[in-house]
Amino acid sequence: MKKFLIWLLCSGVAIQCSSPINEEHPDPEYIIQKAIEAAGGEGYLEADIRFRFRDYKYEGLFKDHQYQFKRIGYQAGDTIIDFLDNDVYQRTINGLTVVLHDTMAIKYAASVNSVFYFVLLPLKLSDPAVRLSYDGPDSLGTKAYHRIKVTFDEEGGGEDFEDIFLYWFDQETYSMDFLAYKFFTEGGGIRFRKAKNIREVRGLRFADYDNYEPKIKVKNLSHLLRHFEKGELKLLSEIILEDLSVQ
C-alpha cells in the first residue's frame, strides 16, 4: 500500500493555518487535518502500537519522526519476522537475516505496509504523495458526511499509485465512518469498508471494518454509500484488530 512518510508536525501546522470550512467550496485539506486532529494527531509521534491481525502479530514503533513496522509469524516451528524500517525491508528467520529475491521482498514489504496503512487512517491521508479533492456532501440516515477523494502521485505513491480512494467523514465529529477504493493489481476490483468498534486507546483512534464488494456493476465509487444502504454489497471479510495496545 502507500509509502509511509513522517509528516505529523507538518500536519499540526496545517491544522493551525487552514481556513474554516466554506460550505460552497469545502477545503479537503482542512477536513483531513480536522479528522487527524480528532483521531489523536501528534499522539502518534512517540507511540508503540501492537496488535494481532489474523495469523500475525504486528508492532509499529514511532520515535523522533522515524518508524519501524514489524510483522511476526510462526511457520513449522520457525519464527519469521518482517521488518520495515523507514522503507528499508528485512526478513529474519529464527533471528538470522535471510536474503530474498527483490520481487518477494517488495511483496512482503507491501503486505506489512498495507496493514499499517489502514490501521493508521486517517493519519496516512497527509502523506506528500496524496492528492485530495472534495467529492461532495453525502448522507446516511440522519448523518451528514464530507466525501473526500484521494489519488496519488507516481513518485512516492507506492507500487499501486493508480488506486483511487474515497473517504466519508462525519460533518460534525470528523469521524471516518466509511471508505471505498478501486484497485488495479491482481485483477483489480472495488471494495467498500464500514468502520465499526471505533475506539480510543491512550488518546489514539482505531477501528475495525466490515469489508464489502459490490454485487452489481458500479460505475462510480461515490455511489457506494447508496449501494450499501440498499443492500447491494456483499460482505467479504472482517478486519479485526485483536490484543490492541498503545505504549
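Residues take their numbers from the sequence shown, with the count starting at 1.
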Side-chain heavy-atom pair Ile72, Tyr58 within 4.5 angstrom cut-off: no
Non-hydrogen side-chain atoms of Ile190 and Glu213 separated by less than 4.5 Å: no
Closest non-hydrogen atom pair, Ile31 against Pro26: CD1-CB, 4.2 Å
Closest non-hydrogen atom pair between Phe53 and Ile240, with its separation: CD1-O, 3.5 Å
Minimum heavy-atom distance between Asp163 and Phe184, given as atom pair plus value: OD1-N, 3.6 Å
Glu242 atom CD, neighbour heavy-atom count above 12 within 6.0 Å: yes
Salt bridge (charged side-chain N to carboxylate O under 4.0 Å, His left out) partner of Asp138, the single match among Arg147, Lys143, Lys149: Arg147
Basic-acidic side-chain contact under 4.0 Å: Asp243, Arg52: yes
Straight-line distance of Leu84 CG to Asn113 CG, nearest 0.5 Å: 5.5 Å
Gap separating the NZ atom of Lys34 from the CD1 atom of Ile32, nearest 0.5 angstrom: 13.0 Å
Ring geometry between Tyr174 and Tyr30 (parallel below 30°, tilted from 30 to 60°, perpendicular above 60°): perpendicular
Worked check of side chain to side chain contact (heavy atoms under 4.5 Å, CB included) between Leu123 and Tyr44: CA-CA 9 Å; Leu123 298 174; Tyr44 287 83; 3.0 Å; yes
Pair Arg205, Ser175: side-chain N/O donor-acceptor within cut-off below 3.5 Å: no
Among Tyr167, Tyr209, Phe165, ring-ring contact (aromatic ring centres under 6.0 Å, His included) partner for Tyr181: Phe165
Side chain Asn94, main chain Thr79, donor-acceptor under 3.5 Å: yes
pair Phe51-Val115: side-chain heavy atoms closer than 4.5 Å: yes
Matching residue for Trp168 among Phe192, Phe228, Tyr145 - test: ring-ring contact (aromatic ring centres under 6.0 Å, His included): Phe192
Intermediate values then yes/no, side chain to side chain contact (heavy atoms under 4.5 Å, CB included), Ile198 and Asp208: CA-CA 7 Å; Ile198 299 175; Asp208 299 327; over 6 Å; no
Least distance between heavy atoms, Leu233 atom then Pro214 atom: CD2-CA, 3.6 Å
Any donor-acceptor N/O pair, Arg131 side chain to Phe152 backbone, under 3.5 Å: no
Contact check, side chains of Asp177 and Lys194, non-hydrogen atoms, under 4.5 Å: no
Check: Arg226 side chain, Leu224 main-chain N or O, donor-acceptor pair, under 3.5 Å: no
Gap separating the NE2 atom of His227 from the OG atom of Ser222, nearest 0.5 angstrom: 8.5 Å
Arg193 to Tyr212 six-membered ring, cation-pi geometry met (6.0 Å, 45°): no
CA sep, side-chain torsions, deciding dist, call: Asp210, Lys196, salt bridge (charged side-chain N to carboxylate O under 4.0 Å, His left out): CA-CA 7 Å; Asp210 286 331; Lys196 64 180 183 179; 2.7 Å; yes
Gap separating the CG atom of Leu221 from the CG atom of Asp135, nearest 0.5 angstrom: 8.5 Å
Residue pair Asp170 / Met176, side-chain heavy-atom distance below 4.5 Å: no
Trace of the side chain to side chain contact (heavy atoms under 4.5 Å, CB included) decision for Leu244 with Phe206: CA-CA 9 Å; Leu244 176 64; Phe206 297 93; 3.6 Å; yes
Non-hydrogen side-chain atoms of Thr92 and Phe83 separated by less than 4.5 Å: yes
Ile81-Val98 co-clustered via ILVMFWY side chain contacts under 4.5 Å: no
Validation row, ring centre Phe69 to ring centre Tyr67 under 6.0 Å: yes
Residues, nucleotides or ligands: over 12 heavy atoms within 6.0 Å of Asp55 CG: no
Side chain Asp27, main chain Glu29, donor-acceptor under 3.5 Å: yes
Test log, rule side chain to side chain donor-acceptor pair (under 3.5 Å), inputs Arg71 and Ser111: CA-CA 10 Å; Arg71 180 177 69 183; Ser111 178; 2.9 Å; yes
Side-chain donor or acceptor of Asp127 paired with backbone N/O of Val130 under 3.5 Å: no
Shortest non-hydrogen separation from Ala47 to Gly43 and the atoms involved: CB-O, 3.8 Å
Residues Asp48 and Lys63 bridged, charged N to O under 4.0 Å: no
Any side-chain heavy-atom pair of Thr97 and Gln90 under 4.5 Å: yes
Hphob cluster co-occupancy, Leu96 + Leu100, side-chain heavy atoms under 4.5 angstrom: no
Pair Lys215 + Glu232: basic N to acidic O under 4.0 Å: no
Heavy-atom pair of closest approach, residues Arg54 and Glu238: NH2-O, 3.4 Å
Nearest-0.5 Å distance, CG of residue Leu132 to CD of residue Gln33: 8.5 Å
Of Lys70, Lys57, Arg91, the residue whose pairing with Asp82 passes salt bridge (charged side-chain N to carboxylate O under 4.0 Å, His left out): Arg91
Verdict with reasoning, Leu241 to Val119, per side chain to side chain contact (heavy atoms under 4.5 Å, CB included): CA-CA 9 Å; Leu241 304 182; Val119 169; 3.9 Å; yes
Distance in Å, Gln68 CD paired with Phe62 CZ, rounded so as to fall on 0.5 Å steps: 11.0 Å
